[in-house]
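Proteins get letters first, then strands, A, B, ... in listed order; numbering begins at 1 in each.
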2 protein chains.
Amino acid sequence: MSLFLHDIPLKEATKRLEEALLEVNLWKVLGIETIHLDENAFGRVLAFPLHARISSPNYNSSAMDGFAVKTEETIGAKPAFPISLQIDSQAKYVDTGDPIPDGFNAVVQLEEVESLDENGNISINQRFPIFIRLRSAVVPWKNVRTLGEDVALTQLIFVGGHTIRPVDLGVIAAAGFSEIDVARKPRVAILPTGSELVPIGNNPKPGEIIEFNSLVLAGKINEWGGVATRFPIIHDEFDAIYENVMAAVDECDLILLNAGSSAGSEDFSAKVVEKAGKLLVHGVAVRPGHPVIIGMIRKGNHRVPIIGVPGFPVSAALTLDIFVQNLLNIWLGRLQFEDDRLVAKLSRKVTSPAGDDDYIRVVLAKVGGEFLAAPLSRGAGVISSLAQADGLMLIPRGVQGLEGGEKVNITLLRKRTEIEQTILCIGSHDLLLDELALFLSKKNRRFLSVNVGSLGGLIALDREEAHIAGSHLLDIDTGEYNFKFIKKYVRNIDVRVIALAMRNQGLLVKKNNPKKIESLTDLLRKDVKYINRQKGAGTRILLDYYLKINEIPFEQIKGYGQEEYTHLGVAAAIASGRADCGLGIAAASLAYDLWFVPLFTERYDLVINQRFADSELIYPLYGVLENPTFKKTISKLFGYDIDLMGKIMTGK
Amino acid sequence: MSLFLHDIPLKEATKRLEEALLEVNLWKVLGIETIHLDENAFGRVLAFPLHARISSPNYNSSAMDGFAVKTEETIGAKPAFPISLQIDSQAKYVDTGDPIPDGFNAVVQLEEVESLDENGNISINQRFPIFIRLRSAVVPWKNVRTLGEDVALTQLIFVGGHTIRPVDLGVIAAAGFSEIDVARKPRVAILPTGSELVPIGNNPKPGEIIEFNSLVLAGKINEWGGVATRFPIIHDEFDAIYENVMAAVDECDLILLNAGSSAGSEDFSAKVVEKAGKLLVHGVAVRPGHPVIIGMIRKGNHRVPIIGVPGFPVSAALTLDIFVQNLLNIWLGRLQFEDDRLVAKLSRKVTSPAGDDDYIRVVLAKVGGEFLAAPLSRGAGVISSLAQADGLMLIPRGVQGLEGGEKVNITLLRKRTEIEQTILCIGSHDLLLDELALFLSKKNRRFLSVNVGSLGGLIALDREEAHIAGSHLLDIDTGEYNFKFIKKYVRNIDVRVIALAMRNQGLLVKKNNPKKIESLTDLLRKDVKYINRQKGAGTRILLDYYLKINEIPFEQIKGYGQEEYTHLGVAAAIASGRADCGLGIAAASLAYDLWFVPLFTERYDLVINQRFADSELIYPLYGVLENPTFKKTISKLFGYDIDLMGKIMTGK
């Protein structure tokens, strides 16, 4: 079925691109330009090594305000046997930075001499006396910055390929340069195609998608030292795409043709590349991103490489990372150092097709002495995973997956310290956690919440794979929350349990409750489709408990097997018509203009590993829980009671 | 003597600045502006938290090219019992991204169905058949990206204070934003003052200094998210400085007045600040940088803080780092995470005045499993140390110094991987090492050479404080190089010794050799001033050896006690008139247009710790030593012979 699509290994694909560019002499620095040395030189890449053209200082220079002297005339000076020197012939006043006068070879600091008048008395004019008196000898070249001390003529200042940082500007200027030769910036044309696309600023109707890939691609190109030009959206028409590609050729060094790179009915990219030049690659065994196209466009003697970038945003970003970043480095002649990495413990098992190089985005936190990597949703379309990701993990071709607990190499996408200042909260989802994140961000803490349900959270906490677990697990025997489950599932560590809030749970239903759903019994009705939470979620346990005591058979509930991982996910399912109702918290109903049928009240606790409970990392949390503004914010939310907030809870 | 200068602790100084700004309500975000969401939003700081305004996808969307079906109609389908569905009523073709038609609830991938024509035969038109045949049941919502799956309406996307990265642009657009509110960029006026200053592009005469501080300051301000305006150079005149300060007030949020902040005869900054407003701080107990001024300028109701930045470039850069970076973060509302740090072993003892917070720049490399920090020259004027530095070490107030071998915390100024890809070569200085660095940089290796002399290099190598030692130590008994010293000083590790080159040593003298210096005996002449290398340098040992066998008393050589650390340092001393001659290598004479009187030939070896000799890090070195272009480059240099280059040497 794949019209042309035939996946080849990533290595083979990059090799074909490199060879095609070598053939037309484009696998090298594209060009060199001379720029003025000013603050805009920041970020440019040096075309050649820089050797100092002048010395710095370029003369023997005073390092102090004081008097230049001839050291041989100070020999023998002692506290009890001072030596007097006559101004001009034996000593001369110099300011810091002044040249050392001819015949002099050291400077005595102003504070260390006695300035005398013509009668040998202390002079009121300290800087312009007639004599100075010294009480110790001076060694040659004391307080003198000698010629070339800082930068010596001809000395290597920077190697070619160095990227200029602000501090580098000074030493380049000091070495005598007012202009520098840098690599010309590669120009990259970005062509978004797709009849379903609408520009940013539109409110998309069903079937329409906001075109934002070009923004991400342009941002990356500019960050890497290129100049991106975004074309207007092109409809899925062969001729329109072909004409735009041929127009782009004249003004750029690389074309990125976004979407239409697969083999669907409206995927014209491969055909356009075949007509406009040569198709080198169609399909790369890499996840996410399979349908990558690589080709070379021809126009007269002109050759411009083209990359067909898949439409799904995560695939698009990855395609740029693995093909274009390196290409820009070659074109800029930039010295290439590997990205910052760290070793982390994988939080859960991940599977991977053996034939692909599989890139998986993860979030990271440091729990105890160890970094922990939790894989994010792997959908190629999940744009939010791009922004959330702290790091990138590669499962190489030939490896079919990794076990939870394995040590993995992570390429960092965020500053290491930001990861070290991350509080990792695994467990149940609640909208309060977003508010907590906002308040903690002002205390320089990143509060990262990963939703695996209450039970999953406790298990992760016990394995020291989180600092905190968010939990609201009802003990049906005692009516108490969490402690029975902590006792059962948290055996390796001690914990401190702090109440966050009491909250309402109830049925989320469509606006005006058109199906009049009022109780759990209504879930058995034929016309009612339910949407469930995942196993281990406190809300799921709550449901199952009440189904059981009300003797409602779960097998007869339509949609019971459909699971969502968050309250907002349940709300979205109802809003989009996938379901009629679902159990969830009140606040979730507001987002999608749903109604809320309150059924139960439950306590939501933060269960903190005792080992971290008094750490510098966690400490700001307690301040937030006592902060009146935070309390007020939460109490205004729909369905919460904050009376217990911040209270340390103890089990029976 | 200090006219106003009175050092206060750093903490107290930052507190006074904060309090003064609080008083006039300027210790907060300066302002908010709405900008269009495009690639230029990169680097801006969000003024408020962003909550999603729309869902993404905003409809139930097909994740595949295929057919939308109703899953209840697929129940029971098995390989041997296929089910046929009629197009339109039971199945509808959808492209990836298309909305799921009303009443349908899953998508079957094109590749997984049999497309049939009206007679039940396989259709040639796979996408537009009359029936499709399925051989397995489909679960609800399979291959459907459900509404809000990626971004759920009202979900927190970013906290306020987040700095926008390229990947963030996509999710912000997907969440329904076409404009965003960001912090206004703080405007910073930079006023360089000093009668000795000349603009970049001038060839400075003695007593003149190229004005480059403003460039470094502007680069840093822009990097940190501000907008810098550089004023033309202002002469050291009270009125001129005062007028420029008062003019700058109208158009900026912060004034940086560079130099004149000390208490010398031409230091007007403090007086200007006193006249134009209020002087809050004059002198901070921090090294390098003591004479910092902090004040508040008044003009009508307008208040603008001013910082008097010391003139020495290292002091100037540090002053910005410790006072201005944080201020800009406050003004931008930027979330502040600490800088990346690592723990390193200090290579040598450093002393520090107990009263100061002492910031010391270091170079870093990873030797074996451990990071090693070698302190750079600490002169406040050494601009090259700014560019060379890999990290910054603080010796806090109250601590008088640190011992060699101590573990220290280093704030990184360079990417960690760049440090991990660094080959550290400690030992003797030779200009060849610069060439080696250039060639290795193309192999993604940073070759860092630290000059401590041949003997110091071997001792460092033995302590595993370097990968390689550069050495040319003559054994006066055998005429052999290095092996006797390796045997004596390198006892803990095995080494591989590789010849780099034979090189000439001789006397560097002024052009045309005006004093007719021809041999070591001439060093005894009264009219000849010598400049020496430091103890432990191979060149020093060579000199001492030949002085001894020629029975020349070193005490009678003028300047024997004056030491330089490099060949170029010796050459610069002669060029500037500090000395008439010095022993050194031929190549050093070229830089300063000196003459060279050849005396000896010696072998320069690279002594490599055997443990690292075959590592991935070191490996590219051997390629360079065999590279014909490298060999040619070196053989063209003055005074080298490359016959032995790359050869493994063995001792007797």
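In this structure, chain A has a heavy atom under 4.5 Å from the side chain of B:R145, while its backbone stays farther away. Within the 4.5 angstrom heavy-atom criterion, only side-chain atoms of A:I210, from C-beta onward, approach chain B. No part of B:R53 comes within reach of chain A, as not one of its non-hydrogen atoms sits under 4.5 angstrom from that chain. In this structure, chain A has heavy atoms under 4.5 Å from both the backbone and the side chain of B:D339. With a 4.5 angstrom heavy-atom cutoff, B:Q562 touches chain A only via side-chain atoms. Of the atoms belonging to B:L413, it is backbone heavy atoms, and not side-chain ones, that fall under 4.5 Å from chain A. Looking at B:A316, there are no atoms closer than 4.5 Å to chain A (heavy atoms on both sides), in backbone or side chain. Within the 4.5 angstrom heavy-atom criterion, only backbone atoms of A:F177 (N, CA, C, O) approach chain B. Residue B:L156 touches chain A through both its backbone and its side chain, counting heavy-atom pairs closer than 4.5 Å. If you measure heavy-atom distances from B:L153 to chain A, the contacts under 4.5 Å come from both the backbone and the side chain. B:K220 touches chain A through backbone and side chain together, each having a heavy atom under 4.5 Å away. For a residue to count as touching a neighbouring chain, one of its non-hydrogen atoms must lie under 4.5 Å from one of that chain's; by this rule B:T566 does not touch chain A. Of the two parts of A:T96, only the side chain, counted from C-beta on, holds a non-hydrogen atom closer than 4.5 Å to a non-hydrogen atom of chain B. Both the backbone and the side chain of A:Q155 come within less than 4.5 Å of a heavy atom in chain B. Of the atoms belonging to A:A63, it is backbone heavy atoms, and not side-chain ones, that fall under 4.5 Å from chain B. At a 4.5 Å heavy-atom cutoff, the contact between A:L37 and chain B is made by backbone and side-chain atoms alike. When heavy atoms are compared at a cutoff of 4.5 Å, B:D340 approaches chain A by way of both its backbone and its side chain. With a 4.5 angstrom heavy-atom cutoff, B:N60 touches chain A only via side-chain atoms. The parts of B:F337 that come within reach of chain A are both its backbone and its side chain, each placing non-hydrogen atoms under 4.5 angstrom from that chain. Of the atoms belonging to B:P206, heavy atoms from both backbone and side chain fall under 4.5 Å from chain A. Contact of A:K205 with chain B is made through the backbone alone, with heavy-atom distances under 4.5 Å.
Electrostatic pairing of B:R341 and A:E420 counts as a salt bridge here, judged by a charged N lying under 4.0 Å from a carboxylate O.
The neighbour count for B:K415 NZ, taken as heavy atoms of other residues, nucleotides or ligands under 6.0 Å away, is above 12.
A 4.5 Å side-chain heavy-atom check between B:L386 and A:V171 finds every atom pair outside the cut-off. Using a 4.5 Å cut-off on side-chain heavy atoms (C-beta onward), B:E564 and A:T146 make contact. For the pair A:F212 and B:I172, the minimum side-chain heavy-atom distance is 4.5 Å or more. Using a 4.5 Å cut-off on side-chain heavy atoms (C-beta onward), B:Y592 and A:L147 make contact. Residues B:R230 and A:D38 are in side-chain contact: their nearest non-hydrogen atoms beyond the backbone lie under 4.5 Å apart.
Note that CZ of A:R416 is 8.5 Å distant from CG of B:L412, once rounded to the nearest 0.5 Å. Distance OG1/B:T154 to CG/A:L431: 6.5 Å, rounded to 0.5 Å. A:E196 contributes atom CD, which lies 9.5 Å from atom OG of B:S61 (distance to the nearest 0.5 angstrom). Taking CD1 of A:I209 as the reference point, atom OG of B:S56 lies at 8.0 Å (rounded to 0.5 Å). To the nearest 0.5 angstrom, A:I100 atom CD1 is 11.0 Å from B:R578 atom CZ.
A pairwise comparison of heavy atoms in A:I383 and B:A174 identifies CG2-CB, 4.0 Å as the closest pair. Residue B:A228 comes nearest to A:E39 through the heavy atom pair O-OE2, 4.5 Å, listed as atom of the first residue, atom of the second, then distance. Closest approach of B:L169 and A:G219 over heavy atoms only: CD1-CA, 4.5 Å. Contact record, B:S178 with A:G201: CB-CA, 3.3 Å, taken as the closest heavy-atom pair.
When each of B:G148, B:S55, B:G170, B:A152 is scored by its heavy-atom pairs under 4.5 Å with chain A, the top score falls to B:G170. Counting heavy-atom pairs closer than 4.5 Å to chain A, the top-ranked of the candidates B:A588, B:P140, B:P313 is B:P140. Most heavy-atom pairs under 4.5 Å with chain A, from the set B:A41, B:G559, B:A572, B:A591: that is B:A591. Ranked by non-hydrogen atom pairs under 4.5 Å with chain A, the options B:G207, B:P99, B:A573, B:G160 are led by B:G207. Interface check for chain B: of the options A:R446, A:R414, A:H162, the most heavy-atom pairs under 4.5 Å are formed by A:R414. Interface summary for chain B: among A:E179, A:E208, A:H51, the most heavy-atom pairs under 4.5 angstrom belong to A:E208. Each of B:V167, B:D434, B:L215, B:L568 has some count of heavy-atom pairs under 4.5 Å with chain A, and the biggest count is that of B:L215. Heavy-atom pairs under 4.5 Å with chain A peak, among B:K443, B:Q388, B:Q336, B:K442, at B:Q336.
A donor atom on one side chain and an acceptor atom on the other are found under 3.5 Å apart for B:S384 and A:D150.
The backbone N or O of A:E338 sits less than 3.5 Å from a side-chain atom of B:Q421, completing a donor-acceptor pair. Panel note: side chain A:S441, backbone B:V159; no donor-acceptor pair is recorded below 3.5 Å. Side-chain N or O atoms of A:R165 include one that pairs as donor or acceptor with a backbone N or O of B:A387 at under 3.5 Å. Checked by atom type and distance alone, the side chain of A:N58 pairs as donor or acceptor with a backbone atom of B:P204 at under 3.5 Å.
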